[in-house]
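To find a chain, count down the sequence lines: A is the first, B the second, and so on, and within it residues start at 1.
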There are 2 protein chains.
Amino acid sequence: MQDSETRSKPRRSDATRAAILAAARERFAADGYERATIRAIAKDAAIDPSMVMRYYGSKEGLFAAAAEIDLNLPGPMELRMQPADHVGRSLVAHFLDRWERDEVLTALLRVGATNPAGAERMQRILKDQIGPVAAAVCPDPAEAPRRAALVASQVLGMALARFVLRFPLAVEMPREEVIDWLAPTIQRYLTAPNP
Amino acid sequence: MQDSETRSKPRRSDATRAAILAAARERFAADGYERATIRAIAKDAAIDPSMVMRYYGSKEGLFAAAAEIDLNLPGPMELRMQPADHVGRSLVAHFLDRWERDEVLTALLRVGATNPAGAERMQRILKDQIGPVAAAVCPDPAEAPRRAALVASQVLGMALARFVLRFPLAVEMPREEVIDWLAPTIQRYLTAPNP
DNA sequence: TATTGTTGCCAACAAGCGTTGACCAACAGG
DNA sequence: CCTGTTGGTCAACGCTTGTTGGCAACAATA
């Protein structure tokens, strides 16, 4: 075992590690935590199940590694650069982009629904990544957390309908139309005065 | 086996059947499909696991029976009785009520996230129960399905945050405040002109 | 009372799971 | 050329799962 933080000579096993992680993300996204078996993940990565244990310790450890997520949201400065009434729109577009590109988000959503550890991780993401955005643009900073939660509820709800439950009506709706509908909602949750 | 539709002499086993169903709903709601084991459900109902099989055929059959859901939404006439700009508010209140009272809804949400059969059942509910509401109040009936999907995305998103993931910020938000925030969103999704 | 169906428990099955440790092949440094 | 480390396979462990069939007690009917 070696510190993965410090840059050291690349190991021969790095490729295997990456293959396992990629397969794990795919399986977790498609099947959720319980039905994504280590054996299936190992088969996808074309290695032995025991390697997964060696490199990630346990199934929980593998999931923890696979669910490392950075939403890559704009920082406070970038937020204030654009017109205030445009934040909702650009945020919705960003989320949609993010979700389409990265199956890990779908995986986390699936796992969070049945696994306490997954739910906790989602909570951290809300607090650490969406919270600051709300704090930067909402009128009363004390209200930021609640507004962040509201934003999360609409964004996660659309992600659920579109990428997890795959409601045909939500899947077929063109990206631009989704944005047109959701943007005002997000905008209001962030910046409207208390109703 | 006997037709449960036709009214026949009540069986002695009806109590057991009901106990199993109640325990199943609780477990499915708390743990999701895979982690809610037949053995655990049977123990909760204080009977033998094999009884579950006898009365419901299989685990899937049990879930199908446990997830029979009627959202009890207002009919077209009732909808037109109240002022048109009040529909959003009363709908949100109704959904919140429904979710707080009936753990089956949480169960279905949890199961739908990882189980294809669960997802399909949610889809049917959207189509058969939310769809008509949208059709009754939205300006262009042809658009009703899409608007129903939007409504579902926000309602399910809040249910996810509040009852499944249990984000503290969403859980602690008082019921009335949730309604105040969501009502305008739902109202807009239902009745606003295409954005 | 004798018979027949219902209700329930018990013990076991086969399959699948996460996880472990022994073992082998290839490489690296001296 | 050895020797220790790394990358990897294999076979098995202990356990839990959904599911099944046999068997005893009871109720109902005739």
*Would B:T185 and A:Y189 count as having a side-chain donor-acceptor pair, cut-off 3.5 Å?*
yes
*Going by an N to O cut-off under 4.0 Å, is there a salt bridge joining B:E176 and B:R89?*
yes
*Interatomic distance, A:N115 CG vs C:dG18 P [rounded to whole Å]*: 13 Å
*Which nucleotide, D:dT19, D:dG8, C:dT19, lies nearest any side-chain atom of A:S58?*
C:dT19
*Taking OP1 and OP2 of C:dT6, is either one under 4.0 Å from a side-chain nitrogen or oxygen of B:S13?*
no
*Can you tell me the distance, in whole Å, between the CZ atom of B:R54 and the C1' atom of C:dC9?*
10 Å
*Of the listed nucleotides C:dT19, C:dG8, D:dT17, the one nearest the side chain of A:P49*: C:dT19
*What is the distance from CD of B:E34 to C1' of C:dG16, rounded to the nearest Å?*
13 Å
*Take the protein atom CG of B:D48 and the nucleotide atom P of D:dT20, then report the distance between them rounded to whole Å.*
14 Å
*For A:R39 and D:dT9, what is the distance between atoms CZ and C1' respectively, to the nearest whole Å?*
14 Å
*B:R12 or B:Y33: which one's nearest nucleotide on DNA chain D is closer to the 5' end?*
B:Y33
*For B:M53 and for A:T16, find the nucleotide of DNA chain D with the closest heavy atom, then tell me which residue's nucleotide is more 5'.*
A:T16
*Starting at NZ of A:K59 and ending at C1' of C:dC17, how long is that distance when rounded to a whole Å?*
8 Å
*Taking all heavy atoms of A:A23 and all of A:D44, pick out the closest pair and write down the distance.*
CB-CB, 3.7 Å
*If you look at every strand shown and take non-hydrogen atoms under 4.0 Å, does B:S50 touch a base, only sugar-phosphate, or nothing?*
base
*Should we say atom CD of B:Q82 is surrounded by more than 12 heavy atoms from elsewhere, each under 6.0 Å from it?*
yes
*asked:* Can you measure B:I41 atom CD1 to D:dT19 atom P for me and round it to whole angstrom units?
replied: 11 Å
*To the nearest Å, how far apart are B:K43 NZ and C:dG8 C1'?*
18 Å
*Taking A:T191 for the side chain and A:R188 for the main chain, is one N or O donor matched with an acceptor at less than 3.5 Å?*
no
*Given C:dT19, C:dC9, D:dG8, which nucleotide is nearest the side-chain atoms of B:I47?*
C:dC9
